[in-house]
Protein chains: 2
Amino acid sequence: MKERVTIREVAREANVSIATVSKALNGLDVVTPKTIERVTEAAKKLHYTPNLMGKQLKTKTTKMIGLYTHTITGPYFNTLIEAIVEEAGNYQYGVNVLISSDKQILSSHLLGNMVDGFIGFEELIDEESLSTIRAEGVKAVFVDRKINDGSISSVVFDSQKAGRIAAQHLIENGHTKIGFLPGHPNVYDSDERYLGFQEVMAEHQLPINLDWTITGLFEEKESYENIKNYLLTTPRDKWPTAWIAGNDLSAIGVIKAIDELGLSVPEDFSAIGFDDIELLGYFKPSVTTIQNPIQEQGKQAVIELMKLINNQKKGESKTLDCQLVVRETTKRLSR
Amino acid sequence: MKERVTIREVAREANVSIATVSKALNGLDVVTPKTIERVTEAAKKLHYTPNLMGKQLKTKTTKMIGLYTHTITGPYFNTLIEAIVEEAGNYQYGVNVLISSDKQILSSHLLGNMVDGFIGFEELIDEESLSTIRAEGVKAVFVDRKINDGSISSVVFDSQKAGRIAAQHLIENGHTKIGFLPGHPNVYDSDERYLGFQEVMAEHQLPINLDWTITGLFEEKESYENIKNYLLTTPRDKWPTAWIAGNDLSAIGVIKAIDELGLSVPEDFSAIGFDDIELLGYFKPSVTTIQNPIQEQGKQAVIELMKLINNQKKGESKTLDCQLVVRETTKRLSR
DNA sequence: ACTGAAAATAAAAACGTTTTTATTTGGAGG
DNA sequence: CCTCCAAATAAAAACGTTTTTATTTTCAGT
């Protein structure tokens with residue numbers, strides 16, 4: 001890397017002090033139009049670009065928010081992240097996406113003053129991380145856990161309600177034997193959905209059969225394999241008549257498995273996902289789902305973070321509503 | 001944000017100079033085990049985390065590579081980025097994903113010494129950007145354009161060959177009327193594929209009908225709408241018998257459009273995509289495609305970038321091979 | 001015990017900015 | 001033609017590190 005030209009050389013070129021260069025370039029109005037021009041010209045001539053390290057070290061602000069996650073893969077993350085980027089732009093903030101599951105890396109970035117605040121997931125939700133965050137007064141917004149105290153806010157979906165809606169929809173369609181595919185263990189949204197599902201089943205005095213509870217991990221592949229395996233190894237009369245998948249991708253895996261065994265959705269099984277990802281409508285049959293306002297979540301997360309950064313308020317928690325989208329994979333049980 | 005504890009306070013706590021703290025904490029072996037322990041203890045007690053701004057300002061290295069893109073949405077980006085992150089980790093480098101289409105933002109980050117080098121796309125490929133990159137000696141690897149000179153390398157797919165393979169496969173299956181859906185205009189991969197397609201068509205003395213060239217933009221939605229519109233407004237005897245889509249998503253859109261009009265792939269049309277994204281196998285019918293080694297591209301991009309960063313060589317260009325994956329959407333023409 | 005070199009530590013400089021404080025400049029008012 | 005004040009600019013300090021240079025400590029070898 002070649003030596004970069006610094007403010008010092010611009011100063012020399014313009015025959016002026018470095019203080020003046022700084023002020024001129026940052027538009028402080030204490031400096032004469034004439035010198036502003038001289039400085040700007042010199043800067044342009046030398047191709048000067050300010051060293052952000054120097055600048056941020058001094059100003060102690062980065063105009064960057066961190067987005068810390070172990071993965072960006074999948075439509076949920078894609079949509080969320082782009083929404084965050086867009087909203088952050090409205091505040092003249094950049095978004096610094098850091099992908100790692102190494103808590104060390106994330107927190108050294110975080111505590112190393114590389115960002116003014118961050119939006120995070122599960123990865124940083126443990127007692128140790130949270131207490132550091134609180135102790136250091138780091139501004140944080142979580143989007144997959146309800147937390148609010150001190151400098152921490154959160155924006156989550158009403159996933160319990162989502163679980164309820166899914167179960168209710170199936171029950172209204174005559175289903176009584178309903179299977180469930182949880183996502184990753186201890187993930188808030190997944191747990192909450194299961195909770196809502198349980199509640200509704202209980203309210204209708206319907207049993208939950210643990211054989212029908214099959215790991216899906218939010219992934220099409222895992223769901224496909226596990227469901228296929230279940231169907232191949234379980235007598236037909238023990239099967240449920242509907243599946244609530246962990247999310248849309250998981251539902252797609254379920255459907256594929258069923259299809260491959262010569263069975264059909266929704267004739268033999270109903271299936272339902274969560275999120276309403278864009279590609280969903282391109283599948284055949286198109287998938288019934290509970291729509292989550294992902295973009296709104298991204299936007300609100302930024303809004304809350306900005307409030308924290310500007311010290312406008314203490315951490316608080318927002319919950320976003322969800323909505324049933326009926327498509328072709330759920331159907332009245334006709335038996 | 002609360003005041004962070006600095007090296008100075010650690011020094012005071014450990015009754016030692018800040019130089020010693022720095023050396024102790026960075027494992028320079030000039031310092032006594034006894035003081036190392038004292039310092040480490042003090043640092044732990046005070047919850048010291050080094051300010052990365054200070055550190056990087058001094059060392060002029062960030063151990064970060066930038067990934068500059070206007071979008072991360074879509075399986076291609078997801079896969080590529082995660083591969084990059086993984087490989088960078090092998091070099092103890094972090095990846096700083098910056099999403100923006102604003103050239104200003106990208107280059108101020110870049111020239112502001114925020115990263116040791118970057119992997120970039122189309123966005124920074126224009127004469128002005130390139131000449132700055134060259135002039136400043138910024139280390140760069142592009143993955144969607146063949147460029148190699150000075151401090152710039154590239155790792156691209158052999159997209160011309162991909163286009164050739166696609167066309168050949170269809171022609172071998174008896175197709176002579178073949179439509180094409182380009183991606184975004186002036187995008188390398190798309191252009192190259194078209195070139196390969198043209199070549200093969202010419203070699204077989206087959207005409208390319210411009211009515212069969214339909215904008216797809218690499219997107220399922222755009223492709224779906226445009227194909228649907230084409231089919232609705234064009235007499236059946238003018239139709240091609242096969243489509244080469246811009247990528248897999250585009251192919252999915254094409255198939256959806258055909259399906260919705262009561263026609264079928266591969267009975268009425270063959271269709272072929274590019275990339276071989278993961279979800280492809282879950283569609284019905286599963287999609288024939290030209291597989292690109294996306295993960296390999298990510299890996300190689302990092303490898304090349306590291307060579308540049310360590311001044312091990314001048315910019316060079318790598319081209320990765322591709323491969324036909326026949327699935328259900330292409331079929332021998334039976335007329 | 002003393003010398004001298006090696007080892008350990010401390011002090012100071014430096015990285016590139018911004019900001020605070022000090023100095024110079026340019027006029028208006030007498 | 002001074003004096004003084006405001007305006008403009010320059011100088012210096014500071015941000016938190018690492019690195020270079022200087023100083024102190026340790027302890028062989030006599």
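Computed from heavy atoms alone, side chains included, the values below leave out hydrogens, waters and symmetry copies. Just so we're on the same page: letters track the sequence lines, and every chain starts at 1.
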(request) Using only side-chain N and O atoms of A:Thr32, determine if any of them is under 4.0 Å from OP1 or OP2 of D:dT9. (result)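 Looking at the OP1 and OP2 atoms of D:dT9, one of them is under 4.0 Å from a side-chain N or O of A:Thr32.
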Would you tabulate the nitrogen or oxygen pairs shorter than 3.5 Å linking the protein to nucleotides 11-16 of chain C?
unit_1: C:dA14; atom_1: N3; unit_2: B:Lys58; atom_2: NZ; d: 3.0
unit_1: C:dG16; atom_1: OP1; unit_2: B:Lys60; atom_2: NZ; d: 3.2
unit_1: C:dG16; atom_1: N2; unit_2: A:Gly54; atom_2: O; d: 3.3

Around [X], counting heavy atoms of other residues, nucleotides and ligands shown, do more than 12 lie under 6.0 Å from its [atom1]?
| X | atom1 | result |
| --- | --- | --- |
| A:Glu86 | CD | no |
| A:Gln104 | CD | no |
| A:Glu9 | CD | yes |

(message) I need the minimum non-hydrogen distance between B:Ile309 and B:Gly117, along with the two atoms involved.
(response) CD1-N, 4.2 Å
(request) Provide the closest heavy-atom pair for B:Tyr93 versus B:Lys63 in the form atom of the first, atom of the second, distance. (result)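 Nearest heavy atoms, B:Tyr93 then B:Lys63: CD2-C, 3.3 Å.
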In whole angstrom, what separates [X]'s [atom1] from [N]'s [atom2]?
| X | N | atom1 | atom2 | result |
| --- | --- | --- | --- | --- |
| B:Asn26 | D:dT17 | CG | P | 11 Å |
| B:Asn113 | C:dT17 | CG | P | 9 Å |
| B:Gln56 | C:dT17 | CD | P | 15 Å |
| A:Leu25 | D:dT9 | CG | P | 14 Å |

(message) For the backbone of B:Ile72 and the side chain of B:Thr69, can you confirm whether one donor and one acceptor N or O come within less than 3.5 Å of each other?
(response)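 Between the backbone of B:Ile72 and the side chain of B:Thr69 there is no qualifying donor-acceptor contact (under 3.5 Å).
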